[in-house]
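Have a look at the structure below, then the notes.
Residue numbers begin at 1 in each chain, while the letters A, B, ... track the order of the sequences.
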Amino acid sequence: MPIDQAYRRLLEAYGPQHWWPAQTPMEMIVGAVLVQHTAWRNVERAITQLQAAGLLEPGPLARAPQEELAQLIRVAGPHRVKARRLQCVAQFIVDRYGGSLDAMFADDPQTLRASLLGVHGIGPETADCIMNYGAGAPRFVVDAYARRVAGRHGWLDAKAPYAAVQQWFESRLPADAPLLGELHALIVKVGVEHCRPTPRCAGCPLECMLPGAGSHDDEPQSH
DNA sequence: GTCCCGTTGC
DNA sequence: GCAACCGGAC
């Protein structure tokens, strides 16, 4: 069972990440949409803009002029696409739960996840971010980094369907929302720092877990 | 030029 | 299955 060992190594190396980095649940949801295929650095700037404009609430966000909203989040990549997505999510919260996130998170988890997947702009990864970090459901968030790390370590096929990758992780770990949330955060960190498109294995906390680790003679030695 | 904590539409 | 969305950082 390499994954629980990997979790311990990452936690030891990096410490708790305390995700999701947000002041409120709505900010968390907005961040989860904005971060799609975008560097987090730019998402932070966009959220600051939305905060200043008073648009980190479902009602105001849903009612804002789309062009205006798009300009505010311009820094976060495909802004017109994401403006539309944010408003769909905000409208969903208003329509289905009267704008109350407490009401939304009190809904049955399986029902809520299915409903979220029906909202334009929310795919499986974004839905699971909201389910774990928002609703406190024991869901592992499968992102490109998780696929990359797992694929390179030979744990599974990186191109497997979302549900299959998620099942691989969840079946090997406790059904514990904080733990699964922490693992996702740690995997993002190791992904940003080491498991990049071109791997930077030197100094990686998971270096010694690579297939064939210790059998190579071309690795820089640290002692 | 490549890549970024994806999702949608063709 | 794959391009479009898009600006910023390296």
Side-chain angles (χ1 to χ4, degrees), chain A residues 6-7 10 14 16-22 25 27-50 66-92 113-134 137 139-152 157-166 168-170 177-200 204-206:
Chain A
Y7 172 69
L10 289 171
Y14 296 136
Q17 301 298 297
H18 304 299
W19 272 25
W20 187 279
E27 183 182 324
M28 184 256 115
I29 292 170
V30 168
V33 171
L34 290 178
V35 80
Q36 292 167 1
H37 196 63
T38 300
W40 179 254
R41 170 192 304 273
N42 294 330
V43 174
E44 285 180 318
R45 298 177 184 170
I47 288 179
T48 300
Q49 295 291 108
L50 292 178
Q66 199 164 94
E67 281 307 312
E68 204 172 294
L69 174 58
Q71 287 310 308
L72 289 171
I73 62 173
R74 207 165 193 279
V75 68
H79 52 279
R80 284 178 303 195
V81 168
K82 286 179 177 176
R84 198 179 321 126
R85 292 180 184 175
L86 285 177
Q87 294 204 294
C88 287
V89 177
Q91 194 62 56
F92 166 79
R113 185 174 189 273
S115 300
L116 288 171
L117 288 175
V119 178
H120 174 91
I122 298 186
E125 180 177 339
T126 307
D128 283 327
C129 280
I130 296 171
M131 290 311 298
N132 186 303
Y133 298 106
R139 281 276 180 180
F140 178 72
V141 178
V142 177
D143 64 348
Y145 292 130
R147 291 175 178 280
R148 216 184 269 164
V149 172
R152 284 176 178 166
D157 176 8
K159 285 175 293 189
Y162 185 95
V165 178
Q166 183 176 53
W168 187 92
F169 279 88
E170 290 182 1
L179 185 149
L180 295 176
E182 193 60 62
L183 177 60
H184 170 60
L186 289 165
I187 284 178
V188 169
K189 186 155 179 77
V190 81
V192 169
E193 297 193 357
H194 294 285
C195 222
R196 303 165 70 87
T198 302
R200 294 185 186 174
C204 177
L206 304 182

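- No engagement by A:Arg84 is indicated, since no non-hydrogen atom pair under 4.0 Å with the nucleic acid exists.
- The 5' end of DNA chain B is approached more closely, in terms of each residue's nearest nucleotide, by A:Asn42 than by the other of A:Asn42 and A:Gly123.
- Rounded to a whole angstrom, the distance from the P atom of C:dC6 to that of B:dC10 is 15 Å.
- Applying a 4.0 Å cut-off to non-hydrogen atoms, the residues of residues 27-35 of chain A that approach DNA chain B are A:Val35, listed by residue number.
- Residue contacts for A:Ile122: at a heavy-atom cut-off of 4.0 Å it reaches the sugar-phosphate backbone alone, with no base atom in range.
- Distances were taken from every side-chain heavy atom of A:His120 (C-beta onward) to each of B:dG9, B:dC4, B:dT7; the shortest belongs to B:dG9.
- Scanning for side-chain hydrogen bond (donor to acceptor under 3.5 Å, both in side chains) contacts around A:Arg148 gives an empty result, with sequence neighbours left out.
- For the residue pair A:Glu182/A:Gln17, the side-chain donor-acceptor check at 3.5 Å is not satisfied.
- Backbone-only engagement by A:Val119 is indicated by non-hydrogen atom pairs under 4.0 Å involving sugar-phosphate atoms exclusively.
- Among the protein residues, A:His184 comes within range of the nucleic acid bases, having at least one heavy atom under 4.0 Å from a base atom.
- When only modelled atom types and interatomic distance are considered, A:Gln166 and A:Glu170 share a side-chain donor-acceptor pair under 3.5 Å.
- Running 5' to 3' along DNA chain C, contacts with non-hydrogen atoms of chain A at under 4.0 Å begin and end at C:dC5 to C:dA9.
- Contacts of A:Gly77 with the nucleic acid, taken as non-hydrogen atoms under 4.0 Å apart, include base atoms.
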